[in-house]
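Shown next, in C-alpha cells, is the structure this report addresses.
Just so you know, these numbers come straight off a predicted model, no measurement behind them.
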Amino acid sequence: MFDRGLLVTTQGIRRQLRAMPWELYLVRLIHHATGRAFPGERLWTAPQLLQAATVRFLRIRNREGWEVYLQPFAGDRNAGYILVDLDHAAPSVLEAMRRHGHEPCVVPHVEPFPGPIRR
C-alpha cells in the first residue's frame with residue numbers, strides 16, 4: 001500500500017542530509033510538552049536514516065509529541081554546522097542572518113498540527 005506521508009518525510013530527510021553532508025548524524029527527540037529528551041542517543045549514517053523502518057519510527061514518535069532534531073555528529077569537534085532553532089521567528093530573521101553572512105543550509109517550515117484528519 002502506498003504511504004504518501006512516508007514518501008514526503010523520506011524526501012524531507014533526504015534534502016536535509018544533502019544540505020548537511022556528513023558521516024554520522026545525531027538524532028535527538030525532545031518531547032514538545034515536557035521538554036525532556038527521549039531516552040538514549042544513537043548515531044546514524046545517511047543510508048540508515050533513509051531506511052523505511054527508521055523513517056516510520058521517527059514519524060510515530062513525532063505523532064506522539066516528540067520533536068525530531070537531526071544534526072551532523074563530530075564528537076567534540078565542530079562539524080561546520082550550527083543548529084539554530086527559530087521557533088515562531090518572523091521571516092525577517094532569515095534576511096538579517098543573510099545580511100550578516102550567515103547563510104542557512106536547512107530551513108524547515110513546520111506548521112502547527114491541524115488536529116485529526118478524516119479519511
Side-chain angles (χ1 to χ4, degrees):
M1 180 175 181
F2 178 72
D3 184 345
R4 179 165 163 60
L6 179 68
L7 176 66
V8 170
T9 302
T10 302
Q11 288 173 339
I13 292 171
R14 185 174 287 117
R15 283 188 205 115
Q16 185 166 352
L17 295 174
R18 270 198 310 257
M20 299 185 320
W22 203 253
E23 267 183 54
L24 294 172
Y25 297 88
L26 174 65
V27 177
R28 296 194 67 222
L29 304 176
I30 307 294
H31 197 272
H32 176 76
T34 66
R36 70 182 166 90
F38 194 81
E41 289 185 349
R42 180 169 172 194
L43 300 177
W44 306 76
T45 63
Q48 288 172 324
L49 282 168
L50 292 169
Q51 290 177 356
T54 302
V55 176
R56 284 188 186 100
F57 170 81
L58 295 173
R59 286 174 50 82
I60 289 168
R61 298 294 81 80
N62 188 247
R63 281 192 297 267
E64 295 172 346
W66 298 91
E67 295 176 355
V68 179
Y69 294 91
L70 169 68
Q71 65 190 61
F73 179 79
D76 59 357
R77 298 176 294 126
N78 184 325
Y81 303 99
I82 299 171
L83 174 64
V84 179
D85 189 351
L86 300 173
D87 282 347
H88 311 290
S92 60
V93 170
L94 290 175
E95 285 308 314
M97 287 177 65
R98 288 182 177 107
R99 279 195 311 273
H100 289 93
H102 306 292
E103 184 65 34
C105 61
V106 177
V107 181
H109 180 76
V110 182
E111 294 293 329
F113 182 67
I117 299 171
R118 292 185 183 203
R119 290 183 180 218

Going by side-chain hydrogen bond (donor to acceptor under 3.5 Å, both in side chains), name the residues that satisfy it together with T45, two or more places apart in sequence or in a different chain.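 Checked T45 against side-chain hydrogen bond (donor to acceptor under 3.5 Å, both in side chains); matches are Q48.
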With sequence neighbours left out, write down each residue that passes side-chain hydrogen bond (donor to acceptor under 3.5 Å, both in side chains) with Q51, or none if nothing qualifies.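 Q51: no side-chain hydrogen bond (donor to acceptor under 3.5 Å, both in side chains) contacts found.
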Quick one: list whatever passes ring-ring contact (aromatic ring centres under 6.0 Å, His included) with H32, sequence neighbours left out.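 None.
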Run the ring-ring contact (aromatic ring centres under 6.0 Å, His included) test against W66 and tell me which residues pass, sequence neighbours left out.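 H31, F38.
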Heavy atoms, side chains only, cut-off 4.5 Å: are F57 and L29 in contact?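 A side-chain contact under 4.5 Å exists here.
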Student check: side-chain heavy atoms of I13 and L17 closer than 4.5 Å: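 They are in contact (side-chain heavy atoms under 4.5 Å apart), so the answer is yes.
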Suppose we screen for salt bridge (Lys or Arg N to Asp or Glu O under 4.0 Å). Which residues come up paired with R42, at least two apart in sequence or across chains?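 Expected list: none.
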Results of salt bridge (Lys or Arg N to Asp or Glu O under 4.0 Å) for E41 - residues two or more places apart only: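 Expected list: R28.
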Applying side chain to side chain contact (heavy atoms under 4.5 Å, CB included), name anything that partners R56, two or more places apart in sequence or on another chain.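 L6, A52.
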Quick one: side chain to side chain contact (heavy atoms under 4.5 Å, CB included) partners of A74, sequence neighbours excluded?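 Expected list: W22, R77, A79.
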Give the C-alpha distance, both sets of side-chain angles, the deciding distance and a yes or no for side-chain hydrogen bond (donor to acceptor under 3.5 Å, both in side chains) between Y69 and Q71. CA-CA 7 Å; Y69 294 91; Q71 65 190 61; over 6 Å; no
By the rule that ILVMFWY residues connect when side-chain heavy atoms come within less than 4.5 angstrom, directly or transitively, which residues belong alongside V8?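 None; V8 is a cluster of one.
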Please give the remaining members of the hydrophobic cluster of L7, linking ILVMFWY side chains under 4.5 Å, ordered by chain and number.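 Grouped by the 4.5 Å side-chain rule, F2 form the rest of the cluster around L7.
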Where at least one partner belongs to residues 1-14, residue pairs that pass side chain to side chain donor-acceptor pair (under 3.5 Å), sequence neighbours excluded: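 Counting only pairs at least two positions apart or across chains, the side chain to side chain donor-acceptor pair (under 3.5 Å) contacts touching residues 1-14 are T9-R59.
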Is M20 linked to L24 within one hydrophobic cluster, defined over Ile, Leu, Val, Met, Phe, Trp and Tyr using a side-chain heavy-atom separation of less than 4.5 Å?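 No; L24 is not reachable from M20 via cluster members.
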Identify the two heavy atoms, one from I30 and one from G35, that lie closest to each other, and give their separation to 0.1 Å.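 For I30 versus G35, the nearest heavy atoms are CG2-O, 3.6 Å.
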Of all the heavy-atom pairs spanning L26 and F73, show the shortest one and how long it is.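 For L26 versus F73, the nearest heavy atoms are N-CB, 4.0 Å.
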So, taking the atom named OH in Y25 and the one named CG in L49, what distance separates them when rounded to the nearest 0.5 Å?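 Answer for the OH-CG pair, Y25 versus L49, is 8.0 Å.
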